[in-house]
Amino acid sequence: MHLTHDDLVLHYYGESAAEAARIDAHLASCGDCRQALYRLQRTLALVDTSAEGEPAPGYEATMWARIQDQLDTPLPWWRRLLSTGTARWAVAASTAAVAGVAFYAGWQARDLSVVPASGGSPATVASGTASPEATRERVLALEIGDHLDRAQFMLAEVANGDDDTASLAAERQRASDLVATNRLVRQTAALAGDESLDGLLDDLERTLVDIANAPDDLTADDWRALRARLDTQGLLFRLRVLADERRAGQSPVNPRPKGKTS
Amino acid sequence: MPANGFRPPPSNSPMHESDQAAIAAVSAGDPHAFRVLVDRHGRYLHRVAYRLTGDHSDAEDVVQEAFLKAYRQLGRFEARADLRTWLHKIAVNCAIDFIRARKTRAMPSAVEDLDTLDGGDTPMAQPPSPDRQLLSTEIGERVAESLQRLTPLERAAFMLRHLEGRSIDEIGTSLGLRTEAAKHSVFRAVKKMRVALEPLVDARHGE
Ligand SMILES: [Zn+2]
């Protein structure tokens with residue numbers, strides 16, 4: 001039987017894997033299939049000559065006009081991904097639903113020293129004159145930001161570390177701690193109906209679980225592969241964008257508009 | 001693997017002086033210096049984004065996003081790396097995010113259907129006539145037309161495989177597809193390209 005279209009495509013891209021021996025053997029003995037492969041190669045080479053995609057004259061000026069105003073006030077990207085999420089966040093935060101309460105309680109029991117300065121002192125926030133709802137929202141915002149910061153720092157260390165698996169034990173413990181918080185944050189995100197953030201947290205959780213559950217005898221190759229996945233998913237990148245935005249004063253949770261009551 | 005102008009340059013190529021100067025100026029607090037990078041790399045990134053999205057307006061959104069991300073991440077760019085390679089990577093990631101979002105919004109069930117389809121059942125335009133000599137620009141246009149006939153998902157999967165050199169596994173992960181679905185998207189895309197372009201290959205070959 002001759003090679004199929006799928007066989008030839010996989011062979012062309014070097015992805016025939018388990019089928020490689022069969023395909024190679026057949027090509028060695030069949031002129032028709034060699035000819036078919038040759039035609040495929042020439043056809044796909046034509047794709048590279050495509051003239052498509054060239055933007056119109058003046059493109060650079062247009063693009064500059066689109067981004068110029070956003071350079072001084074950075075980070076609308078994540079805001080747009082969240083789209084209508086901010087309103088739902090505010091609702092979720094102020095309804096004191098199960099996840100939010102649990103989350104808040106968890107926060108109170110935690111070490112406060114890592115809360116970033118941009119959010120003001122947590123002690124001030126907690127004992128200030130703001131309404132309980134506003135305080136809770138603020139706390140929630142700080143907590144989410146704090147969690148994302150921690151996750152980002154941890155993943156950055158994993159991604160930028162060397163191939164030596166010696167650092168694994170420490171990272172495993174950190175990952176394990178982060179998984180627990182991540183689940184609470186995720187519940188809150190899900191409650192707020194924020195699918196974009198929920199998706200990011202979902203990806204994050206899977207990666208954290210992988211790290212937390214990494215076996216003692218993990219090989220250097222496995223370790224490298226795990227770290228490479230961070231890159232593939234763009235996870236670290238996405239976390240950084242979010243953390244940067246929060247540092248710029250745009251927390252994932254917007255304060256509720258003035259005058260609105262829950 | 002054929003050579004083409006869309007892959008980024010080797011990562012050890014020296015960074016252009018104006019890029020270096022612009023990065024230094026931006027880092028020193030002058031956001032307007034960033035324009036140099038837009039001028040130098042904007043068109044290139046647009047072609048990269050267009051090839052993945054198949055739409056100029058979408059590609060503009062992706063490039064805008066990519067530049068904004070690059071701006072925010074500029075402090076993390078390592079001077080010894082090649083800026084265009086770095087920007088290329090950011091643009092591809094932005095395009096993938098964009099395509100994923102589009103997929104979720106617009107075609108919730110299309111992915112699942114791929115396994116049951118066997119290609120060839122999508123209406124094809126008439127194969128180009130081989131009985132005339134085609135200049136290379138005409139071939140380029142013909143290729144562009146053929147690419148326009150791919151579905152957005154086929155295009156994205158095919159381009160990630162063909163131009164970006166991503167493995168089918170990686171493509172599945174990036175686009176949120178099962179590996180089999182990613183594979184079928186690539187198969188179907190290549191099949192469409194063969195139907196449209198093999199007559200050209202034969203015509204050129206026979207001259
Ligand atoms: Zn054969």
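Just so we're on the same page: letters track the sequence lines, and every chain starts at 1.
In this structure the side chain of A/Glu60 never reaches within 4.5 angstrom of the side chain of B/Arg40, judged on heavy atoms. Counting only heavy atoms from C-beta outward, the side chains of A/Tyr59 and B/Glu60 approach each other to under 4.5 Å. Taking 4.5 Å as the limit, every side-chain heavy atom of B/Leu68 sits out of range of all side-chain heavy atoms of A/Arg66. No side-chain heavy atom of B/Phe67 sits less than 4.5 Å from a side-chain heavy atom of A/Leu71. Residues A/Trp64 and B/Phe34 form a side-chain contact, since some pair of their non-hydrogen atoms from C-beta on lies under 4.5 Å apart. For the pair A/Leu40 and B/Val190, the minimum side-chain heavy-atom distance is below 4.5 Å.
Judged by distance alone, the side chain of B/Arg43 and the main-chain N or O of A/Pro55 form a donor-acceptor pair under 3.5 Å.
For B/Glu145, no part lies near chain A; criterion is any non-hydrogen pair under 4.5 Å. Looking at B/Phe187, the atoms closer than 4.5 Å to chain A (heavy atoms on both sides) sit in the backbone and in the side chain alike. At a 4.5 Å heavy-atom cutoff, the contact between B/Ile90 and chain A is made by side-chain atoms alone. Neither the backbone nor the side chain of B/Asp30 comes within contact range of chain A; no heavy atom of the residue lies under 4.5 Å from a heavy atom of that chain. With a threshold of 4.5 angstrom between heavy atoms, B/His46 approaches chain A through its backbone and through its side chain. Using a 4.5 Å cut-off between heavy atoms, A/Ala61 contacts chain B through both its backbone and its side chain. Using a 4.5 Å cut-off between heavy atoms, B/Ser167 contacts chain A through both its backbone and its side chain.
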Step-by-step side chain to side chain contact (heavy atoms under 4.5 Å, CB included) determination, A/Glu52 to B/Glu141: CA-CA 7 Å; A/Glu52 67 165 9; B/Glu141 286 166 15; over 6 Å; no

Side chain to side chain contact (heavy atoms under 4.5 Å, CB included) assessment of A/Tyr13 paired with B/Val186: CA-CA 11 Å; A/Tyr13 288 123; B/Val186 173; 4.3 Å; yes

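With rounding to the nearest 0.5 Å, the separation of CG in B/Asp39 from CE in A/Met63 is 11.5 Å. Summarising the geometry, atom CD belonging to A/Glu15 is positioned 7.0 Å from atom CG belonging to B/Asp169; distances are rounded to the nearest 0.5 Å. Of the inter-residue distances, the one linking B/Arg35 atom CZ with A/Ile67 atom CD1 reads 9.5 Å to the nearest 0.5 angstrom. Here A/Leu44 contributes atom CG and B/Leu197 contributes atom CG; the two are 8.5 Å apart, rounded to the nearest 0.5 Å. Remark: B/Arg194 CZ to A/Arg42 CZ distance equals 14.0 Å, nearest 0.5 Å. Distance CE/B/Met193 to CG/A/Leu46: 8.5 Å, rounded to 0.5 Å.
The aromatic rings of A/Tyr12 and B/His162 sit parallel, their planes meeting at an angle under 30°, below the 60° perpendicular limit.
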